[in-house]
Trainee: 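Please read through the structure below; I'll follow up with questions.
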Amino acid sequence: MLDAYGRKIEYIRVSLTDRCNLRCRYCMPAEGVEWHEPESVLSYEEILKVLEAASRLGLKKVRITGGEPLVRKGVVDFVRRVKAIPGIEDIALSTNGIKLAMMAKDLKEAGINRVNISLDTLKSDRYKYVTRYGSLDDVFRGIDRALELGLEPVKINAVIMKGFNDDEWAEWLDLVREKPIHVRFIELMPLGESHPWAKDAYLPFSEMIEGIKEYVELISGGRPEGAGPAAYYTFLGAKGSIGFIHALSNHFCGDCNRIRLTATGEIHPCLASLDAVDIKGALRNGEDIEAVLAKAILLKPEEHHMELYTGEEKDKRMFKMGG
Ligand code: SAM
Ligand code: SF4
């Protein structure tokens with residue numbers, strides 16, 4: 001299905017829940033989150049109906065995300081049912097990795113092809129600080145298990161924040177020498193909790209790459225399979241690659257091929273536009289799901305203007321939207 005600007009929309013990110021077993025400081029407050037009421041959350045059957053309609057419109061790739069998708073009960077069986085939808089060629093998972101070691105084998109057998117794991121720092125004390133609860137050892141167990149099982153390419157998402165974790169380039173490069181993983185450094189976005197301090201902590205791609213070039217000579221390439229439109233590099237001795245998701249300093253809207261389904265049944269055609277289309281109502285009233293999806297796809301804007309966010313965009317929080 002083509003959008004209004006001729007982009008082929010082939011990819012849907014599905015948020016299973018807004019709940020999470022961590023509270024990353026840039027994503028969620030420590031407490032006081034207004035969680036979705038259970039009846040407002042789509043059942044697995046409802047999500048499957050949306051995915052069946054999406055596949056009829058030509059969508060081929062599904063990413064399962066959240067919140068933390070692995071905290072929703074029944075996720076393995078859900079993946080198995082997604083895998084059985086004709087036309088769905090690729091199922092990926094975004095996770096914080098805490099429960100991954102324990103669940104990876106079942107997830108792989110159910111149909112997950114590859115994983116993205118969030119990990120912002122390689123220092124235990126910093127990891128505990130930024131996630132408020134997490135243990136770095138759990139995440140590394142998850143990464144190693146994913147590699148063992150061939151849930152590849154294994155990608156790591158690291159949000160880089162000035163003054164917090166912008167001094168770990170040598171450690172990241174060592175990790176990419178040691179393991180065949182693809183580490184993507186992400187510009188902090190002015191969404192959710194990060195909003196009040198995102199300006200000060202924001203480190204543009206250009207400064208990240210300058211920092212890294214002090215340690216290695218980067219060679220363009222090393223783009224992993226299924227990679228989105230990030231810039232990828234490798235270097236001598238690397239088993240994996242590094243990449244940059246510069247959604248703010250140099251957005252890649254021209255190549256964007258995705259839409260998002262939230263846990264409460266809204267289709268967001270763009271992470272950063274305020275348009276959303278309610279699909280839950282259509283599901284629960286027996287209306288035409290394909291027509292709602294097509295409408296949402298046609299609402300996809302040509303490009304985003306996240307830099308103009310004021311902090312009032314309460315629905316545009318990564319853990320509500322499906323990051
Ligand atoms: N819980 C899973 C995880 O952490 O991978 C999936 C959902 S999480 C919302 C998806 C991604 O959004 C994570 O990689 C996280 O770092 C990123 N994220 C959340 N808030 C962000 C922000 N303000 N700026 C940049 N990335 C953000
Ligand atoms: Fe949870 Fe992921 Fe948000 Fe961290 S980034 S609080 S792991 S949803």
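Every number for a ligand or one of its atoms is a count from 1 in the order of the listing. Computed from a predicted structure; not experimentally measured.
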Trainee: List ligand 1 atoms under 4.0 Å from L191, heavy atoms only on the residue side.
Mentor: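 Selected atoms, number and element: 23 (N).
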
Trainee: Please could you name the atoms of ligand 1 that N96 approaches to less than 4.0 Å, counting only its heavy atoms?
Mentor: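 Per the distance check, 2 (C), 3 (C), 5 (O).
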
Trainee: Which atoms of ligand 1 have any heavy atom of T65 under 4.0 Å away?
Mentor: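 Every atom of ligand 1 under 4.0 Å from some heavy atom of T65: 6 (C), 7 (C).
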
Trainee: Find all atoms of ligand 1 within a distance of less than 4.0 Å from any non-hydrogen atom belonging to N157, and give their numbers and elements.
Mentor: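 The atoms of ligand 1 under 4.0 Å from a heavy atom of N157 are 14 (O).
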
Trainee: When you check the gap from the basic side-chain N to the acidic O, do E45 and R81 get nearer than 4.0 Å?
Mentor: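 Between R81 and E45 there is a salt bridge, with a charged N closer than 4.0 Å to a carboxylate O.
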
Trainee: In ligand 1, which numbered atoms sit nearer than 4.0 Å to a non-hydrogen atom of S194?
Mentor: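 So the answer, numbered in order with elements, is 23 (N).
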
Trainee: Kindly say whether G243 contributes a backbone atom to a donor-acceptor pair with the side chain of R223 at under 3.5 angstrom?
Mentor: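 Answer holds: no.
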
Trainee: Got L16 and T65 here, is their nearest side-chain heavy-atom distance under 4.5 Å?
Mentor: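 Result no, sub-4.5 Å side-chain heavy-atom pair not found.
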
Trainee: Give the atom numbers and elements of ligand 2 that come within less than 4.0 Å of a heavy atom of G67.
Mentor: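 Going through ligand 2 atom by atom, the ones under 4.0 Å from G67 are 8 (S).
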
Trainee: Side chain or backbone, does V159 bring an N or O within less than 3.5 Å of an N or O on ligand 1?
Mentor: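 No.
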
Trainee: Is the contact between T95 and ligand 1 made by the side chain, the backbone, both, or neither, using heavy atoms and a 4.0 Å cut-off?
Mentor: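 Looking at T95 and ligand 1, just backbone atoms fall under 4.0 Å.
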
Trainee: Measuring from atom NZ of K61 to atom CD1 of I91, what distance do you get when rounded to the nearest 0.5 angstrom?
Mentor: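 Spacing of NZ (K61) from CD1 (I91) equals 12.5 Å.
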
Trainee: How long is the span from the CE atom in M208 to the CD1 atom in I186, to the nearest 0.5 Å?
Mentor: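 It comes to 8.5 Å.
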
Trainee: Does atom 2 (Fe) of ligand 2 have a protein non-hydrogen atom under 4.0 Å from it?
Mentor: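 Flag for atom 2 (Fe) of ligand 2 set to false, no protein heavy atom closer than 4.0 Å.
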
Trainee: Could you tell me whether E168 and R126 make a salt bridge, using a distance below 4.0 angstrom between a side-chain N and a carboxylate O?
Mentor: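 A salt bridge links E168 with R126.
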
Trainee: Is there a polar contact, in the sense of an N or O pair closer than 3.5 Å, between N116 and ligand 1?
Mentor: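 N/O-N/O distance under 3.5 Å: no.
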
Trainee: For atom 24 (N) of ligand 1, which candidate among M189, M161, R63 provides the closest heavy atom?
Mentor: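 Heavy atom nearest to atom 24 (N) of ligand 1 belongs to M189.
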
Trainee: Please confirm whether F185 and W169 have ring centers closer than 6.0 angstrom.
Mentor: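 Ring centroids of F185 and W169 are less than 6.0 Å from each other.
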
Trainee: Could you name each residue pair satisfying salt bridge (Lys or Arg N to Asp or Glu O under 4.0 Å) that touches residues 135-144, not counting sequence neighbours?
Mentor: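 Residue pairs with at least one partner in residues 135-144: D138-R141, D144-K179.
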
Trainee: Under 4.0 Å from a heavy atom of E68: give me the atoms of ligand 1 that qualify, with their elements.
Mentor: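 In order of numbering, the contacting atoms are 1 (N), 2 (C).
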
Trainee: Taking only distance into account, with no hydrogens and no angle test, what donor-acceptor pairs under 3.5 Å do side-chain atoms of residues 26-36 form with protein atoms, sequence neighbours excluded?
Mentor:
unit_1, atom_1, unit_2, atom_2, d
Y26, OH, D120, OD1, 3.4
Y26, OH, D120, OD2, 2.6

Trainee: Is there a side-chain contact between Y129 and R25 (heavy atoms, below 4.5 Å)?
Mentor: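 Yes, side chains in contact.
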
Trainee: Heavy-atom contact check, 4.0 Å cutoff: does S15 meet ligand 1?
Mentor: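 For ligand 1, residue contact (heavy atoms, under 4.0 Å) with S15 is absent.
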
Trainee: Could you go through the side chain to side chain donor-acceptor pair (under 3.5 Å) check for S94 and R63 one step at a time?
Mentor: CA-CA 7 Å; S94 286; R63 173 171 296 281; 3.2 Å; yes

Trainee: Rounded to the nearest 0.5 Å, how far apart are OG1 of T131 and CD1 of I98?
Mentor: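 Rounded to the nearest 0.5 Å, the OG1-CD1 separation comes to 6.5 Å.
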
Trainee: Can you pull the side-chain hydrogen bond (donor to acceptor under 3.5 Å, both in side chains) pairs that have at least one residue in residues 82-92, sequence neighbours excluded?
Mentor: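 For residues 82-92, and leaving out neighbouring residues, the side-chain hydrogen bond (donor to acceptor under 3.5 Å, both in side chains) pairs sorted by first residue read D90-N113, D90-R114.
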
Trainee: Strictly under 4.0 Å, does any heavy atom of E187 approach an atom of ligand 1?
Mentor: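 Yes; E187 lies near enough to ligand 1 that a heavy-atom distance drops under 4.0 Å.
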
Trainee: For G67, take its heavy atoms, then give the atoms of ligand 1 lying under 4.0 Å from any of them.
Mentor: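 Per the distance check, 1 (N), 2 (C), 6 (C), 7 (C).
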
Trainee: Quick one: how many protein N/O/S atoms are under 2.8 Å away from atom 4 (Fe) of ligand 2?
Mentor: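 With waters ignored, the protein N/O/S count below 2.8 Å is 1.
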
Trainee: Using only atom types and a distance under 3.5 Å, with no angle test, would you say the side chain of D166 pairs donor to acceptor with the backbone of K162?
Mentor: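 No, because the side chain of D166 does not come within donor-acceptor range (under 3.5 Å) of the backbone of K162.
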
Trainee: Nearest non-hydrogen contact with atom 4 (O) of ligand 1 belongs to which option: C24, G66, S118?
Mentor: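 Checking each option, the heavy atom nearest atom 4 (O) of ligand 1 is found in S118.
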
